[in-house]
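Everything on this sheet refers to the single structure shown next.
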2 protein chains.
Amino acid sequence: MSDNDQSLPNAAASMSNSNCGDALPPVGQHTRQYETVRNAHETELIEDYVELIGDLIRHRGEARAADIANRMGVSQATVSKMIRRLNELGLVTSKPYRSLFLTEEGQKMAEISRTRHDIVLHFLRALGVNDNTARIDAEGMEHHVSDETLTIMQRFIDQHAKR
Amino acid sequence: MSDNDQSLPNAAASMSNSNCGDALPPVGQHTRQYETVRNAHETELIEDYVELIGDLIRHRGEARAADIANRMGVSQATVSKMIRRLNELGLVTSKPYRSLFLTEEGQKMAEISRTRHDIVLHFLRALGVNDNTARIDAEGMEHHVSDETLTIMQRFIDQHAKR
DNA sequence: AATAATTGTTAGCCAAGGCTAAACTGTTTG
DNA sequence: CAAACAGTTTAGCCTTGGCTAACAATTATT
Ligand SMILES: [Mn+2]
Ligand SMILES: [Mn+2]
Ligand SMILES: [Mn+2]
Ligand SMILES: [Mn+2]
């Protein structure tokens with residue numbers, strides 16, 4: 001079933017420069033790449049919400065829907081709907097018209113996310129990326145960085161902190 | 001309108017360690033972070049499709065829907081629908097039941113995406129990340145890396161290539 | 001050439017994550 | 001204390017990106 005690997009006659013050409021690229025990875029590996037990204041996308045937004053809620057509580061004493069909407073650049077209706085979802089997922093508790101609290105599990109996720117986010121951000125800065133750009137890039141990259149890479153980033157930060 | 005910055009009475013606590021984190025960025029900047037990520041997510045999948053189609057043509061001589069579905073780990077129906085969209089966007093041309101071709105614009109996008117993907121991949125490897133992990137991380141990270149960061153990554157690669 | 005297998009398309013379903021408009025609640029203030 | 005205002009929720013709409021099942025076209029086998 002379509003492990004179709006016989007290169008066609010017109011597969012040649014393209015010897016112009018050394019630009020043959022990296023050759024396609026084996027199908028199974030390739031599929032796992034895309035799958036991993038799809039999985040990350042399912043949890044991304046949730047992580048950002050939970051992380052933001054944690055940050056608001058930490059820095060401002062409470063997390064209100066309006067502040068979340070404001071920070072995320074999204075309508076309050078969108079936030080309200082999302083909060084219901086976070087509730088169903090057991091990540092936050094909320095009474096109607098009151099501010100939010102993270103559950104145990106929510107706090108755990110918030111901390112993990114924040115730690116990861118910080119490592120990516122500090123890594124980019126250590127690399128020499130401008131702070132504003134680093135913040136923007138980190139916001140997206142954080143969800144696609146494996147533990148292995150994270151460890152290496154941390155090491156890099158440490159090595160560039162001394163002097 | 002909710003530039004609400006008066007810290008509440010209970011905002012104190014949390015002097016346990018030096019763990020106060022990085023202080024929230026100004027609202028405008030924070031909003032731009034999330035917006036940038038949302039925008040990236042709109043084009044991500046399209047870029048991956050176009051890039052893959054380009055790679056298939058380059059390495060195998062043609063891009064068939066079945067191969068795309070196979071590589072992406074997704075149903076043929078999903079691919080078929082996506083191809084219609086790519087068509088409407090003017091990125092590919094296709095006759096029913098035949099293999100795909102990239103338009104001028106599609107080729108341009110494919111090349112940009114591939115270049116970016118390669119830089120991120122090579123950067124991760126240069127950093128010391130295991131090849132398999134690097135491939136997985138790169139597949140997601142590539143869509144969230146600014147030109148500025150990309151340039152710095154390229155410099156890093158070059159510096160670590162010589163010896 | 002007829003049949004079988006593979007490949008591609010279509011229809012219809014679903015969840016996520018946006019939006020606006022309208023209703024409702026809570027708080028501030030005249 | 002009654003309005004007015006600010007914050008929250010709900011209802012209903014839309015697009016994206018998955019899926020399965022049924023059907024259609026092409027290609028391969030006998
Ligand atoms: Mn984050
Ligand atoms: Mn993020
Ligand atoms: Mn890619
Ligand atoms: Mn990708």
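Computed from heavy atoms alone, side chains included, the values below leave out hydrogens, waters and symmetry copies. To find a chain, count down the sequence lines: A is the first, B the second, and so on, and within it residues start at 1.
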Q | Distance, rounded to the nearest Å, where Ile68(A) contributes CD1 and dT9(D) contributes C1' | A | 14 Å
Q: Using atom CE of Met82(A) as one end and atom C1' of dT10(D) as the other, report the distance to the nearest whole Å.
A: 18 Å
Would you list the protein and nucleotides 9-13 of chain C atom pairs, both N or O, that sit under 3.5 Å from each other?
residue : atom : partner  : partner atom : Å
dT9(C)  : OP2  : Ser80(B) : OG           : 3.1
dT10(C) : OP2  : Arg84(B) : NH1          : 3.2

Q) For the pair made of CG in Asn87(A) and P in dT9(D), what is the distance, rounded to whole Å? A) 10 Å
Q: Measure from CG on Leu45(B) to C1' on dG17(D) and round the result to the nearest Å.
A: 7 Å
Q: Answer yes or no: is there a side-chain heavy-atom contact under 4.5 Å between Met153(B) and His122(B)?
A: no
Q. Ile46(B) has an atom CD1; how far is it from atom C1' of dT15(D), in whole Å?
A. 12 Å
Q: May I have all residue pairs that pass side chain to side chain donor-acceptor pair (under 3.5 Å) and include part of residues 88-97 of chain A, sequence neighbours excluded?
A: Asn87(A)-Ser94(A)
Q | Residues which pass salt bridge (charged side-chain N to carboxylate O under 4.0 Å, His left out) with Asp158(B), listed by chain and number, not counting sequence neighbours | A | none
Q. Quick check, are the ring centers of His144(B) and His41(B) under 6.0 angstrom apart?
A. yes
Q) Does the side chain of Asp48(B) come within less than 4.5 Å of Glu139(B)'s, by heavy atoms? A) yes
Q. Between the side chains of His30(A) and Asn70(B), is a donor N or O closer than 3.5 angstrom to an acceptor N or O?
A. no
Q. Shortest non-hydrogen contact from Arg135(A) to Ala23(B)?
A. NH2-O, 4.1 Å
Q. dT15(D) P sits how many Å from Glu88(B) CD, rounded?
A. 12 Å
Q. Got a donor-acceptor contact below 3.5 angstrom from the Thr31(A) side chain to the Met72(B) backbone?
A. no
Q) In whole Å, what is the span from the CG atom of Asp48(A) to the P atom of dA16(C)? A) 17 Å
Q. Base, sugar-phosphate alone, or nothing: which one does Val74(A) contact when heavy atoms must sit under 4.0 Å apart?
A. sugar-phosphate
Q.
Please give me the minimum heavy-atom distance between Ser99(B) and Glu62(B), naming the atom from each residue.
A. OG-OE1, 3.4 Å
List, with names and distances, any nitrogen or oxygen atoms from the protein found under 3.5 Å away from nitrogen or oxygen atoms belonging to nucleotides 1-4 of chain C.
none

Q. Which ones in residues 35-44 of chain A lie close to DNA chain C, meaning a heavy atom under 4.0 Å from one of its atoms?
A. none
Q.
On the nucleotide dA16(C), are OP1 or OP2 found under 4.0 Å from the side-chain N or O atoms that Arg85(A) carries?
A. yes
Q: Can you tell me the distance, in whole Å, between the CZ atom of Arg64(A) and the P atom of dT25(C)?
A: 16 Å
Q) Can you find a side-chain donor-acceptor pair between Glu148(A) and Asn130(B) that sits under 3.5 Å? A) no
Which pairs would a plain distance check flag for residues 77-84 of chain A, meaning a side-chain donor or acceptor within less than 3.5 Å of a matching protein atom at least two apart in sequence or in another chain?
residue  : atom : partner  : partner atom : Å
Thr78(A) : OG1  : Ser75(A) : OG           : 3.0

